[in-house]
Protein chains: 4
Amino acid sequence: MFGLRFFVDPRSALPIYQQLVNQIKAAAAGGLYPPGQQLPSVRELAGQLAINPNTVAKAFRILEEQGVIERRRGLGTFIAQKPAVAKDLTSLRIKLQELLVEAYHLGVGPQELRQMFETALNNWNKGKEEQRGKGN
Amino acid sequence: MFGLRFFVDPRSALPIYQQLVNQIKAAAAGGLYPPGQQLPSVRELAGQLAINPNTVAKAFRILEEQGVIERRRGLGTFIAQKPAVAKDLTSLRIKLQELLVEAYHLGVGPQELRQMFETALNNWNKGKEEQRGKGN
Amino acid sequence: MFGLRFFVDPRSALPIYQQLVNQIKAAAAGGLYPPGQQLPSVRELAGQLAINPNTVAKAFRILEEQGVIERRRGLGTFIAQKPAVAKDLTSLRIKLQELLVEAYHLGVGPQELRQMFETALNNWNKGKEEQRGKGN
Amino acid sequence: MFGLRFFVDPRSALPIYQQLVNQIKAAAAGGLYPPGQQLPSVRELAGQLAINPNTVAKAFRILEEQGVIERRRGLGTFIAQKPAVAKDLTSLRIKLQELLVEAYHLGVGPQELRQMFETALNNWNKGKEEQRGKGN
DNA sequence: GTGGTCTAGACCACA
DNA sequence: GTGGTCTAGACCACG
């Protein structure tokens, strides 16, 4: 539909399947992949990225376990309908802590960090609105 | 002096050395380890955590590369003096993005996330003040 | 393909891993290992040199940090594509100073040193051309 | 006589005694310490640098073995008279090779390296002349 | 005493 | 198959 959207860096310390997981989750969160959107097939994605199909399959399996995507036999893979349930927020709190710790060690103070946070939040909302606009 | 401060989970998917890196960075950021403070020796920490000294040494090596600690042969390991230089903030931006993505997939909206952010920021400052108070 | 290319001296004051680092950098600089070339695996090199795989792995880790090689899990180790960016030349300046100091203490004067420098430079270029010729 | 001339970095990977050896050799080569010049005593130097006297003693022992300094019992330590004998130049050739390898991996070409070499050579001679001038 | 190097050998993750 | 992690234990260099 829109050609290559993902890319992987084989030299990264992060496993390729993890890079894929992160990117697909980010694409969904950013509004590029709205709920119900069909994803490329394992083979197609593997071909585009020039990586092993097993690696793509592993990423899809993890995303399915996390409830991000749904696989329908014979049809393909789709972005899941967002479950409105607020599950366990532990992972979110951990990421928040990690953010603060990283900021400390880079010499970024509370004020500067708050500003970065608000900027990121605004950009995020803006991106989602633009995607919505596209659909009209 | 105050017994066990760190702990590791050998069954975690996160490597032990990485768990140690994270905890020591968090302890330093939280004010538990002020700049110049001496850390437990490799052998001592390995003994406390019941892990191999090489694993501790690896964590220390990574922390030194990140500028968090300094190792001096024959003397010991110390929390680095803060360089105060504003380095590369890429890693911080990445963590911010990860935070937003995680929030999205857990159904946490911007308002709720902002509240969590402010709460975490306040707790962090409070913790550091308490540490300062201890020193008096 | 061409048998043993490296060798280490376990009795040297220089750590084995450092000897390996130096030799691999020299081999790459001499044109024996062009960018993208695959290196022997950790196990294979350890076997050839009769040293522990961990020691080879440490050398590889350092070379990767210096941007000389790239390690890809499950695939192997490769000479990095030259980044062409002009980085920090401090280490080079230090080596130059060391050269002059060494020359002084060996009673080698400026003229003689200049001659040695030019000779080494010519040999270096010649060596690289021969390697290129081999490829034809 | 002229206060602190040397300094050591306890955080460096290079052993302190080696840092001292290098600096004293460099000072002698640069003309700051002409042959016959008396060096500070072990205790004095250790006190100035706030390091262990054993460390200074080790540096002096190595310098004596290399023929850079001479110790006269009851009198002190002195820069040796330069032996005009051109000994083994192997160490010099090795340093030259290291210089070329380092230049390659930093993307510094032959022309640029030659220029740096000539500049360093000129600065070196200039420094020595200035020192000579001071003595008049 | 400290950290640094190295070994022999196990098990796991990745592609 | 590759590299990555971890262990147990030895020996060395440094200050």
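Although no hydrogens or angles enter the test, the distance criterion places no donor-acceptor pair under 3.5 Å between the side chain of D:His105 and the main chain of C:Val68.
Taking 4.0 Å as the cut-off between side-chain N and carboxylate O, A:Glu102 and B:Lys95 do not count as a salt-bridged pair.
For the pair A:Ile51/A:Tyr17, no side-chain contact is recorded, criterion being any heavy-atom separation below 4.5 Å from C-beta on. Looking at B:Leu49 and B:Leu20, their side chains come closer than 4.5 Å, going by heavy atoms from C-beta outward. D:Arg71 places a side-chain heavy atom less than 4.5 Å from the side chain of D:Arg61. D:Gln37 is not listed as a side-chain neighbour of D:Phe78, based on a closest heavy-atom distance of 4.5 Å or more.
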Distance-only check: which donor-acceptor pairs under 3.5 Å involve side-chain atoms of residues 38-46 of chain B, not counting sequence neighbours?
unit_1	atom_1	unit_2	atom_2	d
B:Gln38	NE2	B:Leu75	O	3.4
B:Ser41	OG	B:Glu44	N	3.1

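For the helix from E:dG1-F:dC14 to E:dC14-F:dG1, the rotation axes defined at the first and last 5 base pairs enclose an angle of 30°, given to the nearest 10°.
Note that CD1 of A:Ile62 is 6.0 Å distant from NZ of A:Lys58, once rounded to the nearest 0.5 Å.
Residue A:Asp9 contributes atom CG, which lies 12 Å from atom P of E:dA15 at whole-angstrom precision. Following rounding to the nearest Å, D:Ile62 (CD1) and F:dG15 (P) show an atom-to-atom distance of 10 Å.
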Inset, instruction - Using a 4.0 Å cut-off on protein heavy atoms (strictly under), produce a 5'-to-3' string for nucleotides 1-9 of chain E with B for base contact, S for backbone-only sugar-phosphate contact, and - for none. - result: BBBSBBBBB
